[in-house]
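Have a look at the structure below before the remarks.
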Amino acid sequence: MASVVKINVLTVPDEQREVLEKRFASRAGSVENSDGFEWFELLRPVEGTDQYLVYTRWRSEEDFQNWMATSMRGPHGGAQGEGGERPKPAATGSTLWSFEVVQQASPKA
């Protein structure tokens, strides 16, 4: 069975970049212990776009769906700001891309 990759494309205005990165840094560790989780990267745009890429790799689609179902009940989905209110989203848009890994390579030892 091939791994699956999920890339969440987040449109982030310049003034919200630091907010987004701090939010991801503060939730470090929240996905790493999930069953079937293989990899995570937050990719900052360098030039020509305001879109961040949130790259995750999973053993299977089922593992990703299970994580989504549980993460939306936990700190990822229910983050609260001061006064118990949810903070304003840092992104103004979001699109989820899905891929299956058909080939891969790693550095030769």
Side-chain angles (χ1 to χ4, degrees):
M1 177 183 289
S3 295
V4 296
V5 169
K6 300 294 181 171
I7 300 174
N8 195 358
V9 183
L10 302 176
T11 303
V12 182
D14 283 347
E15 67 275 7
Q16 292 287 25
R17 285 180 166 207
E18 187 176 344
V19 171
L20 178 85
E21 291 178 23
K22 283 182 176 178
R23 286 184 185 167
F24 270 94
S26 72
R27 58 173 284 285
S30 66
V31 71
E32 287 90 329
N33 294 322
S34 299
D35 192 41
F37 170 78
E38 295 179 352
W39 197 259
F40 162 85
E41 291 178 321
L42 175 62
L43 306 176
R44 176 193 303 135
V46 176
E47 60 184 322
T49 185
D50 59 357
Q51 294 180 316
Y52 276 72
L53 301 181
V54 182
Y55 174 102
T56 57
R57 182 172 162 151
W58 300 86
R59 178 178 54 208
S60 69
E61 178 68 24
E62 181 181 13
D63 290 321
F64 171 75
Q65 293 299 332
N66 289 339
W67 173 76
M68 283 292 293
T70 58
S71 73
M72 291 303 128
R73 291 193 306 255
H76 184 10
Q80 304 259 318
E82 292 182 30
E85 299 173 5
R86 289 194 66 172
K88 177 181 176 251
T92 59
S94 174
T95 303
L96 183 65
W97 296 342
S98 299
F99 298 89
E100 286 184 343
V101 176
V102 293
Q103 289 185 23
Q104 63 186 17
S106 60
K108 296 194 184 295

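- Counting heavy atoms from C-beta on, the side chains of Val12 and Asp50 never come closer than 4.5 Å.
- Looking only at side-chain heavy atoms (C-beta outward), Leu53 and Val9 come within less than 4.5 Å of each other.
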Could you give the side-chain donor-acceptor pairs of residues 13-25 under 3.5 Å, partners two or more places apart or in another chain?
unit_1, atom_1, unit_2, atom_2, d
Glu18, OE2, Lys22, NZ, 3.0
Glu21, OE1, Arg44, NH2, 2.8
Glu21, OE2, Arg44, NE, 2.7
Glu21, OE2, Arg44, NH2, 3.4
Glu21, OE2, Tyr52, OH, 2.5
Arg23, NH1, Lys88, O, 2.8
Arg23, NH2, Lys88, O, 2.9

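- Rounding to the nearest 0.5 angstrom, the gap separating the CZ atom in Phe99 from the NZ atom in Lys6 is 10.0 Å.
- With rounding to the nearest 0.5 angstrom, the OG atom of Ser3 is 12.0 Å from the CD atom of Glu61.
- Both Val101 and Ile7 are members of a single hydrophobic cluster when ILVMFWY side chains are connected at heavy-atom separations under 4.5 Å.
- Residues satisfying the ring-ring contact (aromatic ring centres under 6.0 Å, His included) criterion with Phe37, sequence neighbours excluded, are Trp58.
- Residues Asp63 and Ser34 bring no donor and acceptor atom of their side chains to less than 3.5 Å of each other.
- Residue Tyr55 is not grouped with residue Phe64 when hydrophobic side chains (ILVMFWY) are merged at heavy-atom distances under 4.5 angstrom, including chains of intermediate members.
- Val54 and Val31 fall within the same hydrophobic cluster, defined by Ile, Leu, Val, Met, Phe, Trp and Tyr side-chain heavy atoms under 4.5 Å apart, directly or through other members.
- Clustering of Ile, Leu, Val, Met, Phe, Trp and Tyr side chains at separations under 4.5 Å leaves Val102 isolated, with no partner residue.
- By the side-chain contact (heavy atoms from CB on, under 4.5 Å) test, Ser106 is found to be paired with no residue, residues two or more places apart in sequence or in another chain being considered.
- Not counting sequence neighbours, the partners of Trp39 by the side-chain hydrogen bond (donor to acceptor under 3.5 Å, both in side chains) test are Glu41.
- Applying the side-chain hydrogen bond (donor to acceptor under 3.5 Å, both in side chains) rule to Gln104 yields the partners Arg57; only residues at least two apart in sequence or on another chain are considered.
- Here the side chains of Asn8 and Ser94 are in contact, with some heavy-atom distance below 4.5 Å.
- Interatomic distance, OG1 of Thr56 versus CG of Leu42, reported as 11.5 Å (0.5 Å rounding).
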